[in-house]
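Read through the structure below, which is laid out as structure tokens, and then see the notes.
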Protein chains: 2
Amino acid sequence: MTDVATEKPRRGRPPVSDEQRQRQRLDLSRHAVRLFAEQGVAATSGEQIAQAAGVSERTFWRHFPHKESCVEPLLTKMVDAFCAVVRAWPRELELIDHLREAYSPLLDAASDEDIEAVLAVVRLTQGERALRAAYLMVRERAEDVLADVLAERAGLPRNAIEVRVQAAAMSAVLKVATDDVARAAADGVTRETLEGHREQIADALRGLSQVLVARPGPLAR
Amino acid sequence: MTDVATEKPRRGRPPVSDEQRQRQRLDLSRHAVRLFAEQGVAATSGEQIAQAAGVSERTFWRHFPHKESCVEPLLTKMVDAFCAVVRAWPRELELIDHLREAYSPLLDAASDEDIEAVLAVVRLTQGERALRAAYLMVRERAEDVLADVLAERAGLPRNAIEVRVQAAAMSAVLKVATDDVARAAADGVTRETLEGHREQIADALRGLSQVLVARPGPLAR
DNA sequence: CATTTATTGGCACCGTCTGCCATTAAGCGC
DNA sequence: GCGCTTAATGGCAGACGGTGCCAATAAATG
């Protein structure tokens with residue numbers, strides 16, 4: 001009825017800004033991931049994480065509904081960066097080529113420590129099934145972005161079966177490549193490891209278009 | 001040193017057979033899924049499931065490490081059946097055609113109640129993130145089987161990047177199709193719904209081979 | 001029946017996570 | 001500065017998830 005932000009004398013303490021909230025979560029997240037990597041998820045209690053970050057256990061649980069969701073802010077940060085790159089994918093370019101161009105800036109945008117932490121999380125998801133769920137949730141968000149972009153480029157509705165399948169397939173490609181790199185970076189991340197990721201993705205994308213057996217292609221004809 | 005099974009007078013009560021163990025788990029699983037569907041996962045306590053199945057809470061927890069893993073036996077049963085079909089895929093046939101032939105027997109092998117229960121679980125995984133992890137775990141096992149079969153047919157090592165990517169992509173296809181059917185079967189499963197699944201898979205497989213934008217195909221040339 | 005081993009159930013206990021309330025912090029007008 | 005209002009925090013009790021331990025029972029052998 002009345003205007004948007006008017007009619008609001010706003011008395012009392014204002015809520016903290018959204019960015020600040022994110023920063024708090026991110027801080028908790030970094031401590032949590034460090035502890036997870038050092039001693040495992042099961043052996044790390046919520047109390048411990050809270051203490052490491054200097055807040056009470058109660059407020060820790062207010063920030064994260066489950067212990068595993070601690071990894072989310074860190075992962076989200078990287079995935080969002082990647083999504084931004086995908087969204088900026090120009091029509092006239094191959095995805096591979098676009099990634100080749102945009103990949104390095106993506107790496108520069110994040111601190112080395114965060115990159116290391118993210119890869120540590122990905123590695124942890126191999127054995128710690130509790131983290132797998134969180135990991136796959138944020139991957140799913142990325143898949144939706146991918147589907148949006150694909151749909152727009154193909155001129156199809158977002159939920160067309162072809163679009164969803166393609167998005168799922170490409171998402172799978174990214175997953176395979178990322179897992180490989182995370183494993184490769186088990187002991188120390190170098191610039192080469194990360195550049196390798198780009199080429200892994202390229203390889204994997206090629207693998208996708210090869211279509212070993214799923215259809216009667218030129219190979220089988 | 002000594003022979004395999006000899007030298008074992010085997011005194012005392014013998015361990016229960018593996019099949020019997022599986023049957024017990026399956027029984028628990030059915031009760032659990034029913035309760036999950038009726039009142040949600042969070043609102044269903046381990047004690048409740050145990051009581052429904054007529055065992056103590058303690059032995060319930062001995063059968064399942066986490067509450068969510070209750071769904072595993074049911075899902076595994078279906079996935080194993082599907083894997084068997086994939087393994088039997090003859091070289092000279094298209095996958096789609098093979099599935100068309102083998103699909104009905106697959107349905108006949110399971111009770112209607114179990115099929116309904118499985119679809120209910122898949123539907124639940126949409127909203128209950130706790131179940132998502134369990135669901136994705138058994139899907140991953142299926143992906144490995146797929147990779148094996150693909151590797152053998154293509155004459156490549158099991159962990160070749162192309163193989164893994166293809167397996168992941170096909171697995172994604174199955175996931176998309178299955179989710180669609182589970183949604184469609186929200187109110188009552190009919191034979192048509194299930195036959196529809198086969199066609200969904202076929203559609204999705206076609207979608208996979210279309211390759212909207214991932215490479216310079218005839219469309220982009 | 002006595003013996004041996006596997007399963008079961010009961011109990012105590014730690015960690016996860018929530019609801020509730022008192023306390024503190026951050027803004028406002030005065 | 002002082003109230004006043006609202007948001008964030010911390011502390012506490014408690015339900016639920018899940019494990020270790022031990023006693024009781026079940027199923028085999030002789």
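Both backbone and side-chain heavy atoms feed into the values below; hydrogens, waters and symmetry mates do not. To find a chain, count down the sequence lines: A is the first, B the second, and so on, and within it residues start at 1. Here the structure is a predicted model, which means the values were calculated and not measured.
For A:V55, counting side-chain heavy atoms from C-beta on, the closest listed nucleotide (D:dA8, D:dG10, C:dT7) is D:dG10. The side chain of A:R11 approaches D:dT5 more closely than any other nucleotide in the set D:dT5, C:dA6, C:dC20.
Between the CZ atom of A:R62 and the C1' atom of D:dG11 there is a distance of 10 Å, rounded to whole Å. To the nearest angstrom, P of D:dA8 lies 15 Å from CG of A:L28. Atoms CZ (A:F60) and P (C:dT18) sit 11 Å apart, rounded to a whole Å. Taking atom CD1 on A:I49 and atom C1' on C:dC17, their separation rounds to 13 Å, with Å as the unit. Per the geometry, CZ belonging to A:R129 stands 20 Å off P belonging to D:dG17, to the nearest Å.
A:Q20 comes within contact range of no nucleotide atom at all, as no heavy-atom separation falls under 4.0 Å. Across all strands shown, B:T44 has heavy atoms under 4.0 Å from sugar-phosphate atoms exclusively, and none from any base.
In terms of heavy-atom proximity, A:L146 sits nearest to A:L174 at CD2-CD2, 4.3 Å.
Look at B:Q24 and you'll find a side-chain N or O under 4.0 angstrom from OP1 or OP2 of C:dT8. Contact between the side-chain N/O atoms of A:T59 and the OP1/OP2 oxygens of D:dG10 is found at a separation under 4.0 Å. Between B:H66 and D:dG17, a side-chain N or O to OP1/OP2 separation shorter than 4.0 Å is absent.
Side-chain polar atoms of A:Q48 and A:Q39 form a donor-acceptor pair below 3.5 angstrom.
Remark: the backbone N or O of B:R183 is not paired with any side-chain donor or acceptor of B:R123 at under 3.5 angstrom. No donor-acceptor distance shorter than 3.5 angstrom exists from the side chain of B:T59 to the backbone of B:R62, with no hydrogens or angles considered.
Mapped onto DNA chain D by nearest heavy atom, B:R13 and A:H63 fall at different nucleotides, with A:H63 at the one closer to the 5' end. In terms of position along DNA chain C, the nucleotide closest to B:V16 lies nearer the 5' end than the nucleotide closest to the other residue of the pair A:E47 and B:V16.
Judged by distance alone with a 3.5 Å cut-off, no donor-acceptor contact links the side chain of B:R58 to the base of D:dG18.
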